[in-house]
Amino acid sequence: MIKLINSEGEQRILPSTIFFKRVPFDLNVPFQHLPGRDGAIITGTPTIQPRLFTLEGRIYHQGDKEKVKREADSLLAFLMAVPIEVHLGDRFLISYPQGMPQQWIDEGIELELQIPMLAADPYFYGELVELMLEGAEIIVVSGNARAIPFIKTENSAADFTMTNNRTNQEVRITGASGIIEIDNFNHKVKVEGVDRLDLANDEWLISGFSLLPGENLVSVNAKAKLSFRPRWL
């Protein structure tokens, strides 16, 4: 069963006749050939490529042409509210439809279709995890890739520090006056809703802040809410 959720929060369960054929996983390894020598040298960090996949199958309603047309029209309208979460079990890809080629069969009694999808973010995501932290706590993260959290202080703070002792990463906000919000995914800092990236430490600007799969010992100097989704490759 494939469940879709569009950007307006509408949900759609696709018929069992529509399915994935394959979900690619491609790595890009930058390299440079060596003139006159065997092999090559690696020139950069390997990166995960966007996922291109296709939902395909058929819509059929026991010869009811009008019902097939209505379902196709409804699905097209649903797909226009992007991005689309494509759910497979307890995980989903954030995807963008790239069209919906159609082939009407037997004078419209049956519709064969394809929905090519682009997941620019190649990770599968899980259910949202929300934790309130105070002092030092062990956070257990599922998935097999780093999770990128959102942080928000419970109360107004002048200085805020969060450290992950497993990764040795630290985010430190100095000179604030209000509720602090830290978006580690987009590298944004807000204080009372106002952008204040200038208050963040240089180390965080360079390396960010993340949680590794498994146990992470995280410490804070002020009560804060930590929100993240586990990720899978």
Side-chain angles (χ1 to χ4, degrees), residues 7 27-30 42-51 82-83 85 91-96 118-233:
S7 62
L27 292 173
N28 177 50
V29 181
I42 303 302
T43 58
T45 303
T47 55
I48 304 171
Q49 297 301 289
R51 294 183 192 259
V82 295
E85 294 180 6
R91 308 175 190 180
F92 65 88
L93 286 166
I94 302 171
S95 309
Y96 291 80
L118 166 67
D121 179 342
Y123 291 96
F124 282 92
Y125 285 85
E127 292 296 321
L128 182 67
V129 177
E130 296 182 310
L131 303 170
M132 192 64 72
L133 303 183
E134 193 169 11
E137 297 187 32
I138 292 178
I139 299 174
V140 180
V141 178
S142 58
N144 63 3
R146 289 176 182 259
I148 312 298
F150 182 87
I151 304 165
K152 183 177 182 179
T153 60
E154 177 75 358
N155 303 301
S156 178
D159 298 292
F160 175 78
T161 301
M162 177 176 285
T163 304
N164 185 343
N165 292 324
R166 184 174 173 195
T167 63
N168 293 318
Q169 292 176 318
E170 179 179 86
V171 53
R172 187 171 64 254
I173 308 301
T174 306
S177 179
I179 300 293
I180 300 170
E181 298 175 87
I182 303 167
D183 182 346
N184 290 289
F185 192 87
N186 296 301
H187 255 70
K188 293 183 178 180
V189 175
K190 290 182 181 292
V191 178
E192 291 295 322
V194 178
D195 289 326
R196 291 305 307 268
L197 190 63
D198 59 299
L199 302 180
N201 58 313
D202 292 340
E203 295 82 2
W204 176 78
L205 293 172
I206 295 170
S207 63
F209 186 88
S210 60
L211 303 169
L212 292 176
E215 293 186 351
N216 297 259
L217 177 58
V218 177
S219 57
V220 290
N221 68 338
K223 192 173 183 180
K225 183 179 181 180
L226 190 72
S227 307
F228 66 91
R229 290 182 183 274
R231 302 196 300 179
W232 287 264
L233 296 171

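Positions are given from 1, in the same order as the sequence printed here.
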| query | For the atom pair CD1 (Ile94) and OH (Tyr125), what is the distance rounded to the nearest 0.5 Å? | reply | 5.5 Å

| field | Main-chain N/O of Ile138 paired with Glu215 side-chain donor or acceptor, under 3.5 Å | value | no

| field | Under 3.5 Å donor-acceptor, Thr161 side chain and Asn221 backbone | value | no

| Heavy-atom side-chain contact between Asn164 and Leu212 under 4.5 Å | no

| query | Is the backbone of Glu170 close enough, under 3.5 Å, to the side chain of Glu203 for a donor and an acceptor to pair up by distance? | reply | no

| Taking side chain as C-beta onward, heavy atoms only, is Glu154 less than 4.5 Å from Met132? | yes

| task | With rounding to the nearest 0.5 Å, note down the distance linking CZ in Arg146 to CG in Leu233. | result | 12.0 Å

| query | Checking Asp195 side chain against Lys188 main chain: does a donor-acceptor pair fall under 3.5 Å? | reply | no

| task | Could you tell me whether the side chain of Asp159 and the main chain of Gly175 form a donor-acceptor pair under 3.5 Å? | result | yes

| said: Once rounded to the nearest 0.5 Å, what's the spacing between atom CG of Leu217 and atom CD of Glu137? | reply: 9.5 Å

| query | Has the side chain of Gln49 got a donor or acceptor atom that lies under 3.5 Å from a matching backbone atom of Leu27? | reply | no

| message | Using only atom types and a distance under 3.5 Å, with no angle test, would you say the side chain of Thr153 pairs donor to acceptor with the backbone of Asn155? | response | yes

| request: With Phe228 as reference, evaluate Ile148, Asn184, Ile151, Ile139 under the side-chain contact (heavy atoms from CB on, under 4.5 Å) test and give the passing residue. | output: Ile139

| field | From Asp121 atom CG to Ser95 atom OG, the distance as rounded to the nearest 0.5 Å | value | 9.5 Å

| said: Would you compute the distance between atom CZ of Phe92 and atom CD of Glu85 and round it to the nearest 0.5 angstrom? | reply: 4.0 Å

| field | Heavy-atom check, side chain of Trp204 versus side chain of Met162, under 4.5 Å | value | no

| field | Donor-acceptor under 3.5 Å (Asn216 side chain, Gly214 main chain) | value | yes

| message | Looking at Tyr123, I'd like to know if the NZ or CZ of Arg231 sits under 6.0 Å from its six-membered ring centre while staying within 45 degrees of the ring's axis. | response | yes

